[in-house]
Amino acid sequence: MTKLALLVLGLSTALASAHSFAGSGQVSDADVRRFFESALATNSEKLRGIQEGLKSTFQSLPKNSHGNLASEAVRYVLHRYFVQRHGWFIRGLEASNQTWSDHYVPQDEKEWVPSYLLDLMRTRTGEQGTSLPELAVVAAAIEDLVDTEARKRMRTAFEIHELPTDDTVSEEEVREVVDTYYTMFLNAGNFNASGRWDALVKRKMWSERYVGFKESDRWMRELLQPRFSQPEYNFDNTARMVEDIGENYYKFNDIECRDLKTTLMGMEGNKAGRVRLSTFYKKALFSHWRFTEKADYLRILGALDESDPSGAQVILSNYIMSRPNCLEASNLYSICCRNECEDLTGHLESNIGTSTATPKQIIDLVAALPSATVTAPRQLSDDLVRKLDLVAASNGGKVPLHGRLFAQWMHHAYPRECP
């Protein structure tokens, strides 16, 4: 378990009469249908902005005979959009198992929302696929559902503090209720309290034991400070504060992730992006990061390289992006370390504009494209060029940008960023 992992610390054991966040915030199929129909009926500035945000990835993917995307590609575009915009890994859109398959069946009750939305859109469009405006409708509905969940959870916080949702409240009361919400947020909803005093006591106990609390709390207060200049406070403008937390927390999480990456890079051996398993475990003895995952678990995560006979190695990029380093902040999304490779791929997509490219196009772009750990411009090695030529040779002279072989090539080009 790492520093980013949750510390619930028994917060879910409380009086039988306590208000609990565990079941609050759940969205219903009626909510999904309502926001879907609302997004279909509007042509707002927000919808146009979403469409613009989706455009470059949409254009770079293969289309069907109608010029639209199949379900697998739709899930990919939506996943990329939410990760880039808010750092949200939407449940049911993640690039794991078969979640991008046309025939994917949600395995978790929390994954059903994207599938239900896409089914609603498919019922409307038939088998013609999904256009860019229709894709924006689905994205807008998901954003509205996330806001709805936050407001429902905030209503639970108001109940804990016995505050009215239809009248004004004081600034001090707002600060306390936001603190309660934020404690729940950082504990994946595993928080309950029988009243205001119970919530304040539990938060204090938890904050004294939560590694990194001071930094996290400072970030939250700086984020919300501009909103503490209202002539009066009520449920609506307080709910907007917690929506801000959900939409922006990835920025603070990125700081944590960069620290984790720097720590792992300091342990690298001769091969970039690899850390010997023995070194990985030794570091836990004198670091705030607790590198305790067993080899079997690292293997399941896809973060263990056993190709070197001299010893297993942890794959830096795969470990950083693995599930133990995620904050399960919502029933609808998780906040994980960003896949820096998606940002690099996004640059290629926007410059190429189609789903395939020649090796020369890719080499010229990659040679000029820096990452956090790779300087540019650079001369790509003969081995990298040869591997890309082989990918093109097996695909009619061009490289599919969203294929498995190109993803592997990107890992060699950016070993610390690409999984």
Side-chain angles (χ1 to χ4, degrees), residues 55-77 79-80 83-84 94-104 129 270-274 299 302-309 313 315-318 321 339-419:
K55 188 175 180 180
S56 64
T57 307
F58 178 89
Q59 290 178 334
S60 73
L61 288 164
K63 313 294 190 304
N64 62 20
S65 58
H66 301 284
N68 296 330
L69 298 180
S71 295
E72 181 176 356
V74 167
R75 291 176 185 272
Y76 172 76
V77 177
H79 165 77
R80 286 280 301 278
V83 168
Q84 290 172 346
E94 297 166 291
S96 59
N97 300 324
Q98 302 300 315
T99 58
W100 288 354
S101 167
D102 285 340
H103 306 292
Y104 171 66
N270 296 326
K271 188 174 182 180
R274 297 291 191 279
R299 190 177 298 114
L304 193 64
D305 180 357
E306 299 176 276
S307 61
D308 188 340
Q313 300 178 88
I315 305 171
L316 186 148
S317 56
N318 293 35
M321 290 182 288
N339 185 342
E340 296 176 79
C341 199
E342 290 186 349
D343 296 332
L344 298 169
T345 303
H347 177 83
L348 300 181
E349 290 172 347
S350 62
N351 279 273
I352 293 169
T354 61
S355 61
T356 61
T358 64
K360 185 179 186 311
Q361 283 179 289
I362 294 171
I363 289 166
D364 288 346
L365 286 169
V366 169
L369 179 61
S371 73
T373 63
V374 174
T375 58
R378 59 172 167 155
Q379 180 75 36
L380 299 189
S381 68
D382 291 341
D383 186 52
L384 265 180
V385 173
R386 180 182 61 80
K387 286 177 178 175
L388 193 62
D389 285 338
L390 289 173
V391 175
S394 62
N395 288 278
K398 290 197 172 183
V399 177
L401 296 183
H402 303 99
R404 177 180 58 83
L405 293 178
F406 182 63
Q408 291 175 349
W409 185 85
M410 284 291 284
H411 174 69
H412 293 294
Y414 299 95
R416 299 185 181 100
E417 286 76 34
C418 294

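Below, all heavy atoms of this structure are taken into account, side chains as well, without hydrogens, waters or symmetry copies. Counting from 1, the numbers follow the sequence of the chain as shown.
Judged as a side-chain hydrogen bond (donor to acceptor under 3.5 Å, both in side chains), the pairs with a partner in residues 379-394 (not counting sequence neighbours) are, in order, D383-R386, D383-K387. For residues 371-418, the pairs satisfying disulfide bond (SG atoms under 2.5 Å apart) are C341-C418, with sequence neighbours left out. Pairs of residues two or more places apart, or lying in two chains, that qualify as side-chain hydrogen bond (donor to acceptor under 3.5 Å, both in side chains) and include a residue from residues 358-370 are T358-Q361, K360-D364. Sorted by first and then second residue, the pairs that involve residues 344-359 and meet salt bridge (charged side-chain N to carboxylate O under 4.0 Å, His left out), not counting sequence neighbours, are R80-E349. Counting only residues at least two apart or in different chains, ring pair (Phe, Tyr, Trp, His ring centres under 6.0 Å) contacts with residues 342-399 are absent. Residue pairs satisfying the disulfide bond (SG atoms under 2.5 Å apart) criterion with at least one member in residues 358-390, sequence neighbours excluded, are absent. Contacts classified as salt bridge (charged side-chain N to carboxylate O under 4.0 Å, His left out) and involving residues 394-406 (residues at least two apart or in different chains) are not found.
You'll find the side chain of S355 reaches within 4.5 Å of the side chain of P62, heavy atoms only. Contact annotation: the side chain of Q313 never approaches that of L304 to less than 4.5 Å [non-hydrogen atoms, C-beta and beyond]. At least one side-chain heavy atom of N339 sits under 4.5 Å from a side-chain heavy atom of P419. Contact check for D305 versus K271: side-chain heavy atoms found under the 4.5 Å cut-off. The closest side-chain heavy-atom distance from L401 to I362 is below 4.5 Å. Annotation: side chain of V399 is not in contact with side chain of W409 (no heavy-atom distance under 4.5 Å).
Every residue meeting the salt bridge (charged side-chain N to carboxylate O under 4.0 Å, His left out) condition with R299, not counting sequence neighbours, appears here in chain and number order: D296, E306. Taking the side-chain contact (heavy atoms from CB on, under 4.5 Å) definition, one finds that N68 meets it with N64, H66, Q128, S131, sequence neighbours left out. With sequence neighbours excluded, the residues forming a side-chain contact (heavy atoms from CB on, under 4.5 Å) with V83 are H79, F89, E342, listed by chain and number. The side-chain contact (heavy atoms from CB on, under 4.5 Å) test applied to T373 returns K261, M265, S371, R416, E417, not counting sequence neighbours. Judged as a ring-ring contact (aromatic ring centres under 6.0 Å, His included), and not counting sequence neighbours, H411 has no contacts.
Taken from OG in S350 to CG in L365, the straight-line distance is 8.5 Å, to the nearest 0.5 Å. With values rounded to the nearest 0.5 angstrom, L61 atom CG is found 4.5 Å from H402 atom NE2. Here OG of S60 is found 11.5 Å from CG of N351. Values are rounded to the nearest 0.5 Å.
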Test side-chain contact (heavy atoms from CB on, under 4.5 Å) on E72 and V74; report intermediate values, then the result. CA-CA 5 Å; E72 181 176 356; V74 167; over 6 Å; no

Set out, in order, the CA-CA distance, both residues' side-chain angles and the distance that settles side-chain contact (heavy atoms from CB on, under 4.5 Å) for L348 and V366, then state yes or no. CA-CA 8 Å; L348 300 181; V366 169; 4.2 Å; yes

Kindly determine whether M410 and T345 satisfy side-chain contact (heavy atoms from CB on, under 4.5 Å), including the steps that lead there. CA-CA 9 Å; M410 284 291 284; T345 303; 4.2 Å; yes

Using side-chain contact (heavy atoms from CB on, under 4.5 Å), reason through L388 and I363 one step at a time and then give a plain yes or no. CA-CA 9 Å; L388 193 62; I363 289 166; 3.7 Å; yes

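Contact record, A376 with P370: CB-N, 3.6 Å, taken as the closest heavy-atom pair. Contact between L369 and Y414 at its shortest, heavy atoms only, is O-OH, 2.7 Å. Across all non-hydrogen atoms, the minimal contact from P400 to T356 is CA-CG2, 4.0 Å.
In this structure a side-chain-to-backbone donor-acceptor pair under 3.5 Å is missing from K63 to G129.
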